[in-house]
2 protein chains.
Amino acid sequence: MNLKGLSEILGLSQTTVSRALNGYPEVSETTRKKILAVAAEHNYSPNARAKGLATGRSNAIGHVIPNATQHEMVNPIFGDFIAGAGEVYAANNYEMVLSIVADVDEEKVYRAFKTRGTVDGVILHGPKMNDTRIALLEEIGLPFVVHGRASGIDSDYSWLDVNNRSAFRRATDFLLDLGHRRIGLINGLETMDFAYRRRRGYEDALTARSMSLDTDLLRTDEMTEGFGYSSTTEMLNQPNPPTAFLVSSIISALGVRRALEERGLQMGRDVSVITFDDGLSYLANGADVPIFTATRSSVRDAGRALSEMLVAQINNPDAPLQKRLLEVELTVGRSTGPAPTSA
Amino acid sequence: MNLKGLSEILGLSQTTVSRALNGYPEVSETTRKKILAVAAEHNYSPNARAKGLATGRSNAIGHVIPNATQHEMVNPIFGDFIAGAGEVYAANNYEMVLSIVADVDEEKVYRAFKTRGTVDGVILHGPKMNDTRIALLEEIGLPFVVHGRASGIDSDYSWLDVNNRSAFRRATDFLLDLGHRRIGLINGLETMDFAYRRRRGYEDALTARSMSLDTDLLRTDEMTEGFGYSSTTEMLNQPNPPTAFLVSSIISALGVRRALEERGLQMGRDVSVITFDDGLSYLANGADVPIFTATRSSVRDAGRALSEMLVAQINNPDAPLQKRLLEVELTVGRSTGPAPTSA
DNA sequence: CAAAGCATCCAAAGCGCTTTGAATTTCTCA
DNA sequence: TGAGAAATTCAAAGCGCTTTGGATGCTTTG
């Protein structure tokens, strides 16, 4: 059933039917009711492409996930993010279009999004330091919001970020206060802006106490379980091993835990661990008492908030850009305790 | 830049330019070259909506993820699946559109996909027993393939499935051969077809040895880490606890592991564990020696294969339906060993 | 009571592409 | 060389919707 057919059944013009369906005022309430009834009866809904052609909008929002050729993996954190965003899209009649693409082709995808009119805007994921994609999106004129920020880019754009630096500074301070002096940092890829900021927070805490940085205690890579495991094992094998670990993802923290367990070390007693917890639904940080002491910020909430920002921006392009910095909560679990006194 | 503008620059008709760009034969090679050059120079790519309107196709494939209101979560396994599918879409110029929707609204989404022409086909995820969505998709005439199968539905449709029953029968046999007699099953939601089949496989193995089923050893729920933990704890607290566990997901297996560890039980010596391993990129089952003995089947590969099936089906609707049943590999890791003799 | 205003409705153009059917040009080869 | 075939190109219709710019009839109001 299309508009033409529907209007013929009703004995009305396509104009009137279209207006009635789209809530315009220049149609009487009685005919509007009739039109809505007949439309529902025939299960009518407008063809998205035709509507889009006429309006110049797609009612879709793009997410492009770079799928690097070296480490081809889709971050599970992304799953929770889009779960949040998906709610917002459903409520606002937007579609979500996902492009999983070799990172070298990412620019092409954004350009195609614009020239082909596939989407009305995009959410930029995983900003790097000096990220070139921001200038690209500005250049091609595709509305966007950023999940995170990009150090080194000073143009003005909308973003929502967690205060990673403060989070990791606080977490480090927490461990220092417990007497830990050697703290391993198991960080994400430090080309990523969030990881860079976390490292800065870690450094802040150390330098505030005039402690020097030991590069033997720093690891940075894709935040897999295996990375957490291997980093921990390596660091514990060093002559002067850390007594605590600060981990960038609960996924890697699971690997840390495995490494400790394998050596018969008890978490929270022999070795302390703090992790960043994105609140992943399938990897909840314990039921009642948290397994890990953690800096927590729900990535699902971030998905919700960011998609709302983008939808608002698309509907009202002249509104001022929005920036939101979320503080994390530092919740104490069973993975931390006083530094063991070297007896 | 649009077709009209491009054809004016070239001094050719839109017809010719369109044909040249789409590879039709009725245009000379010399003009085609010229057209392609100018198109590239002006960074032309056709408006997707206009093209879709004209051709009646969207070049998009839908995935709808039910987001149940009780347990609102997007399965991380899904992330790896779409990573595989995304590769195929990118190679075939399809877009992936994702709809995350309350499960009660799932039918509406499929109907809207069809009437609005949002997508050319869908991949059906997480089939349940007697799944009503299959009949729905057949009724509305939206091409689809199923990731899994639906017991109780005997209509003919395309699917790709893992041989879950055989996998769990083999895994159970493996444990039985090691002398285990009480094996806990930590299964997914048994309304899900895959979980039902896994349970059948488990039962097959037991009944083949004339062993009876103990419902105290059966657990079924969403496959979170927490579920693995709580199930294990509960079962181990029973008077006659299991000596081995069969787990439906590596995520829950992590919870099993945590529960064991907490009690000071060593995996592979005190208690054996076999898990199903979907080959998730961020939760790899160990680097060299697998952590868990596992029945393994890459969900990313499944994503690749299924999306290829669907693309083929869309391009050639008259081709016969495809069915593919994948056997799993049972790889031995460090989580299994002979049943402890009750000394 | 005529003119103005208002509420309703409609015809037709236009969004940017593909494709049909026809026109034009270029080849072939008797 | 010229007619028919083949190759190349084009004008225009059509995909299903929105929206502009009227039209039409009804109600007010001076």
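Numbers restart at 1 for each chain; the letters A, B, ... are given by sequence-line order, proteins then strands. Small disclaimer: the values here were computed from a predicted structure and weren't measured.
Look at B/Glu26 and B/Arg32 and you find no salt bridge, because none of the NZ, NE, NH1 or NH2 atoms lies under 4.0 Å from a carboxylate O.
Side-chain atoms of A/Lys128 and A/Leu189, non-hydrogen and from C-beta on, never get closer than 4.5 Å to each other.
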Per-nucleotide protein contact string for nucleotides 4-12 of chain C (B base, S sugar-phosphate only, - none; heavy atom under 4.0 Å): ----BBBBB
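Rounded to a whole Å, the NZ atom of B/Lys4 is 16 Å from the P atom of C/dT18. Protein atom CZ of A/Arg116 is 17 Å distant from nucleotide atom C1' of C/dC15, rounded to whole Å. Counting to the nearest Å, the P atom of C/dC15 and the CG atom of B/Leu3 are 13 Å from each other.
The phosphate of C/dC15 (OP1 or OP2) has no side-chain N or O of B/Asn2 nearer than 4.0 angstrom. Residue A/Tyr24 places at least one side-chain N or O under 4.0 Å from the OP1 or OP2 atom of D/dT19.
For A/Ser99 and B/Glu95, the side-chain atoms include no donor-acceptor pair closer than 3.5 Å.
Sequence neighbours left out, the pairs with a member in residues 39-48 of chain B that pass side chain to side chain donor-acceptor pair (under 3.5 Å) are A/Thr115-B/Ser45. Within the structure, the salt bridge (Lys or Arg N to Asp or Glu O under 4.0 Å) test picks out no pair touching residues 47-67 of chain A (sequence neighbours left out).
Qualifying side-chain contact (heavy atoms from CB on, under 4.5 Å) partners for A/Asp156, counting only residues two or more places apart in sequence or in other chains: A/Leu321, A/Lys323.
Judged by distance alone, the side chain of B/Asn93 and the main-chain N or O of B/Asn59 form no donor-acceptor pair under 3.5 Å.
The aromatic rings of A/Tyr89 and A/His63 stand perpendicular to each other, their planes meeting at an angle above 60°, with 30° marking the opposite boundary.
Results of the ring pair (Phe, Tyr, Trp, His ring centres under 6.0 Å) test with B/His125 over B/Trp159, B/Phe144, B/Phe194, B/Phe81 single out B/Phe81 as the only residue that passes.
The overall bend of the helix from C/dC1-D/dG30 to C/dA30-D/dT1, read as the angle between its terminal helix axes built from five base pairs each, is 50° when rounded to 10 degrees.
Contacts with DNA chain C (heavy atom under 4.0 Å) in residues 39-62 of chain A: A/Leu53, A/Ala54, listed by number.
Nearest heavy-atom pair across A/Ile314 and A/Pro143 is CG1-CB, 4.3 Å.
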